[in-house]
Amino acid sequence: MNLLPLPPAYYTQPTLVLARDLLGKTLWRRTADGVVSGIIVETEAYISACDPASHNYRRPTKRSQTMFGPPGHAYIYLTYGMYHCLNVVTEPPGQSAAVLIRAIAPVAGRELMAARCPRRAPRDLGRGPGRLCQALALTIADNGLDLTGDALWLSHSPDMEPLDPARVATSTRIGISQGLDLPWRFFIRACRAVSGPAKLNRGTADG
DNA sequence: CTTGAGATGTTCT
DNA sequence: GAACATCTCAAGA
């Protein structure tokens, strides 16, 4: 099995290319409690230079400095005062862009994830950016983690059949009030682990 | 399946 | 003060 972290060069791909390519990859998380993993089924791209919904669009903020850093690191922030969101930083240092990981289909360590989310249905453990971070025990304390390290990393998914490009769909993004026209959400069609309203999840068939 | 209200703390106007 | 890359719960179709 090839469970080693994807190399730094992987994260130098353009943000929109990476947002799509991350679908079907496996996300791993190691803490003192053990290792958990899941297959990425839903992402969103945020590119500050041209995207009014992106952090750092108006001006750089302290919260989102990590987005200016090197690609292949985690940008994690607190949202709505209660939940966390995990992003993969993209683009060369000095540029601000990232891919929000919105949902995973849990694979390894499902018991540990369930223990972290007491009243949650097993089906919903990785469904949504806030729930995903809770299942993976990610907080702002983990902001900036190197995704080629051994606490949080990505790998190929050798036990999964190659993702059929026809199963990749796009839509507008969720939970924003600006940049509503940009089709920068990517997800796997007909996947129960994908978040968002069913209506949006029909998506656009563009491979 | 859907809708709507409330929780909660940092960032922005 | 208002907005915010969210979620839970309750109630209705």
Side-chain angles (χ1 to χ4, degrees), chain A residues 15-16 18-20 22-23 27 38 40-69 71 73-91 95-106 113-145 147 152 169-187 189-203:
Chain A
T15 301
L16 292 174
L18 195 59
R20 173 176 307 218
L22 284 169
L23 296 177
L27 175 64
I40 295 173
V41 298
E42 182 186 1
T43 66
E44 284 178 357
Y46 289 87
I47 305 173
S48 305
C50 58
D51 174 10
S54 178
H55 295 170
N56 293 324
Y57 173 70
R58 303 285 290 177
R59 64 183 65 78
T61 66
K62 181 178 181 182
R63 168 177 68 173
S64 42
Q65 282 301 300
T66 306
M67 288 179 71
F68 286 106
H73 288 245
Y75 167 44
I76 300 173
Y77 67 92
L78 182 67
T79 190
Y80 291 102
M82 277 173 288
Y83 300 99
H84 297 273
C85 288
L86 167 66
N87 298 256
V88 174
V89 174
T90 62
E91 304 295 339
Q95 295 188 47
S96 172
V99 176
L100 172 68
I101 309 300
R102 284 197 58 92
I104 60 172
M113 288 190 262
R116 289 167 175 159
C117 312
R119 298 173 300 284
R120 187 160 303 150
R123 164 162 292 162
D124 293 335
L125 282 174
R127 185 169 168 272
R131 292 185 279 223
L132 180 158
C133 282
Q134 189 179 359
L136 268 49
L138 290 170
T139 70
I140 52 174
D142 302 297
N143 182 34
L145 273 181
L147 295 176
L152 183 66
T170 68
S171 79
T172 55
R173 294 170 293 178
I174 293 177
I176 55 173
S177 61
Q178 302 184 58
L180 297 174
D181 53 316
L182 298 172
W184 286 359
R185 174 173 177 254
F186 302 85
F187 61 97
R189 189 189 298 280
C191 177
R192 307 301 293 266
V194 171
S195 75
K199 180 176 180 178
L200 246 196
N201 290 342
R202 288 196 295 265

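Naming convention: chains lettered A, B, ... in sequence-line order (proteins, then strands); numbering from 1 in each chain. Heavy-atom basis, side chains included; hydrogens, waters and symmetry copies ignored.
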Open item on the list: Checking A:Ile176 against A:Trp184 for the side chain to side chain contact (heavy atoms under 4.5 Å, CB included) test, could you report, in this order, the C-alpha distance in whole Å, the side-chain angles of both residues, the deciding distance, and whether it holds?
Closed with: CA-CA 12 Å; A:Ile176 55 173; A:Trp184 286 359; over 6 Å; no
TODO: Using the test side-chain hydrogen bond (donor to acceptor under 3.5 Å, both in side chains), find all partners of A:Thr172 that sit at least two apart in sequence or belong to another chain.
DONE: none
- [ ] Report yes if some heavy atom in the side chain of A:Thr43 is under 4.5 Å from a heavy atom in the side chain of A:Leu18; otherwise report no.
- [x] no
Open item on the list: Regarding A:Leu100, tell me which of base, sugar-phosphate or nothing describes its non-hydrogen contacts under 4.0 Å with the strands shown.
Closed with: base
TODO: Answer yes or no: is there a donor N or O on one side and an acceptor on the other, between the side chain of A:His73 and the main chain of A:Gly144, under 3.5 Å?
DONE: yes
Task: Residues forming a salt bridge (charged side-chain N to carboxylate O under 4.0 Å, His left out) with A:Arg131, sequence neighbours excluded - done: none
Task: Any donor-acceptor N/O pair, A:Arg127 side chain to A:Ala193 backbone, under 3.5 Å - done: no
Identify the pairs formed between an N or O of the protein and an N or O of nucleotides 3-9 of chain B at a distance under 3.5 Å, and give each distance.
| unit_1 | atom_1 | unit_2 | atom_2 | d |
| --- | --- | --- | --- | --- |
| B:dT8 | O2 | A:Tyr80 | O | 2.4 |

Task: Close approaches to DNA chain C from residues 114-134 of chain A, in residue order (heavy atom, under 4.0 Å) - done: A:Arg119, A:Arg120, A:Gly128, A:Pro129, A:Gly130, A:Arg131
TODO: For the pair A:Asn201 (side chain) and A:Ala190 (backbone), establish whether a donor and an acceptor sit closer than 3.5 Å, ignoring hydrogens and angles.
DONE: no
Open item on the list: By the salt bridge (charged side-chain N to carboxylate O under 4.0 Å, His left out) test, which pairs, at least two apart or in different chains, include something from residues 51-66 of chain A?
Closed with: A:Asp51-A:Arg173
- [ ] For A:Arg173, report the nucleic acid contact type (base, sugar-phosphate, nothing); a contact means any heavy atom under 4.0 Å.
- [x] nothing
Find every protein N or O atom lying less than 3.5 Å from an N or O atom of nucleotides 10-12 of chain C, and list the pairs.
none

Open item on the list: In this structure, how many angstroms lie between the P atom of C:dT6 and the CG atom of A:Leu138, rounded?
Closed with: 16 Å
Open item on the list: Using the side-chain hydrogen bond (donor to acceptor under 3.5 Å, both in side chains) criterion, which residues pair with A:Ser96? Sequence neighbours excluded.
Closed with: A:Ser48, A:Asn56
Open item on the list: Suppose we screen for side-chain hydrogen bond (donor to acceptor under 3.5 Å, both in side chains). Which residues come up paired with A:Thr15, at least two apart in sequence or across chains?
Closed with: A:Thr90, A:Glu91
Task: Residue among A:Leu182, A:Leu100, A:Asn87 satisfying side-chain contact (heavy atoms from CB on, under 4.5 Å) with A:Glu44 - done: A:Leu100
Task: Check: A:Arg185 side chain, A:Thr170 main-chain N or O, donor-acceptor pair, under 3.5 Å - done: no
Open item on the list: Can you list everything that forms a ring-ring contact (aromatic ring centres under 6.0 Å, His included) with A:Tyr83? Sequence neighbours excluded, please.
Closed with: none
TODO: Can you sort out which residues in residues 47-61 of chain A have a heavy atom within less than 4.0 Å of DNA chain B? Ascending by number, please.
DONE: A:Arg58, A:Arg59, A:Thr61
- [ ] For A:Ile140 and C:dC4, give me the distance from atom CD1 to atom P, rounded to whole Å.
- [x] 21 Å
Open item on the list: Test side chain to side chain contact (heavy atoms under 4.5 Å, CB included) on A:Leu86 and A:Leu27; report intermediate values, then the result.
Closed with: CA-CA 11 Å; A:Leu86 167 66; A:Leu27 175 64; 3.9 Å; yes
- [ ] Measure the shortest side-chain to side-chain distance between A:Ile104 and A:Leu136 over non-hydrogen atoms and say whether it is less than 4.5 angstrom.
- [x] yes
Task: Residues that A:Ala103 engages under side-chain contact (heavy atoms from CB on, under 4.5 Å), provided they are two or more places apart - done: A:Val41, A:Glu42
Open item on the list: With a cut-off of less than 4.0 Å, is there a side-chain N or O of A:Arg102 near OP1 or OP2 of C:dT6?
Closed with: yes
Open item on the list: If a pair means Watson-Crick or G-U wobble with both distances below 3.5 Å, what does DNA chain B look like in dot-bracket form, with | marking bases paired to a different strand?
Closed with: |||||||.||||.
TODO: Using whole Å, report how far CD1 of A:Ile176 lies from C1' of C:dC4.
DONE: 12 Å
